[in-house]
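Single-structure report; data block below.
Numbering of ligands and ligand atoms starts at 1, following listing order.
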Amino acid sequence: MRHLRLGVNIDHVATVRNARGSSYPDPVRAAECAIAAGADGITAHLREDRRHIRDADMLALKARLTKPLNFEMAATDEMLKIALAIKPHAVCLVPEKRTEVTTEGGLDVIGGHNHLQPCIARLRDAGIRVSLFIDPEPAQLDMARALGAPVVELHTGAYAEHLDDPDQLRRLITAAAHAQKLGLECHAGHGLTVANVGPISAIAELVELNIGHALIADAIFMGLPAAIHAMRAAMDAGMRA
Ligand code: PXP
């Protein structure tokens, strides 16, 4: 069986911390706990409004983690400067709107290619692996390839919200195959849970899933290590099915 990497997004540990203006729960401690429980990497999103992860969290994650750090960010000058200073293993470029509750859709790499190209080039030149968070559409993948990004992350939000619509899974299956044909490493994430991760794990071209909200939610009831073990078991079951 192939190894499907699990990247654990720890943003919501910071959300809880910030709700009380306290120093706990510490997202770096959560990241270390996730790695001890089998996470293959840690994802954290530094948003423009710093609503959860803060600059100091990113610095501490980079300094202390023993597994790759995936820095999610908007392609802005401010974020580019921070990423180039921190030098994470990877950057995932995402769209960002101040008013959204979470990342609502994929990055429009077709509409934004002029703006994205220099950002991708600067990150690549610094030795940072760039991924683009996009909707599972072949034309977006073609442009991601043209822009020189080695990795794409397929947005699974529509799949997670419309589990009764088989077209959503089909779009992801088709997009993952297309990504492989283009030579792009293919990841996926958003809205994945123990209950819905199986069919996504079964997509052979996927090498990494990034999961946050459901893991932190499950951790409230069972603890973070058990939540990660349960997610890993659901991924393994999906790959065997
Ligand atoms: N991947 C990307 C690019 C994201 O923006 C998010 C949400 O921050 C996730 C994965 C994880 O989504 P969720 O928290 O719904 O598991």
Under 4.5 Å between any side-chain heavy atoms of [X] and [Y], yes or no?
| X | Y | answer |
| --- | --- | --- |
| Asn18 | Arg54 | yes |
| Ile128 | Phe71 | no |
| Thr43 | Cys92 | no |
| Glu153 | Ile134 | no |
| Arg50 | Asp55 | yes |

Give the residue and atom name of whichever protein heavy atom lies nearest to [atom], and the separation in Å to one decimal.
| atom | result |
| --- | --- |
| atom 14 (O) of ligand 1 | His213 N, 2.9 Å |
| atom 16 (O) of ligand 1 | Gly212 N, 2.8 Å |
| atom 4 (C) of ligand 1 | Glu72 OE2, 3.2 Å |
| atom 11 (C) of ligand 1 | Asn210 O, 3.8 Å |
| atom 7 (C) of ligand 1 | His190 ND1, 3.6 Å |
| atom 8 (O) of ligand 1 | Asn9 ND2, 3.5 Å |
| atom 15 (O) of ligand 1 | Gly191 N, 2.8 Å |

Exercise. Short list, please: which atoms of ligand 1 are under 4.0 Å from a heavy atom of Val94?
Worked result: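 With Val94 as reference, the close atoms of ligand 1 come out as 3 (C).
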
For this session: For ligand 1, note which part of Glu153 has a heavy atom under 4.0 Å away: side chain, backbone, both or neither.
Result: side chain

Exercise. What is the ring orientation for His190 with Phe133, classed by angle as parallel under 30°, tilted 30 to 60°, or perpendicular over 60°?
Worked result: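 Taking Phe133 first and then His190, their aromatic rings sit tilted (interplane angle of 30° to 60°).
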
Problem set entry | Short side-chain donor-acceptor distance under 3.5 Å, His213 and Asp11 |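 No donor-acceptor contact under 3.5 Å links the two side chains.
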
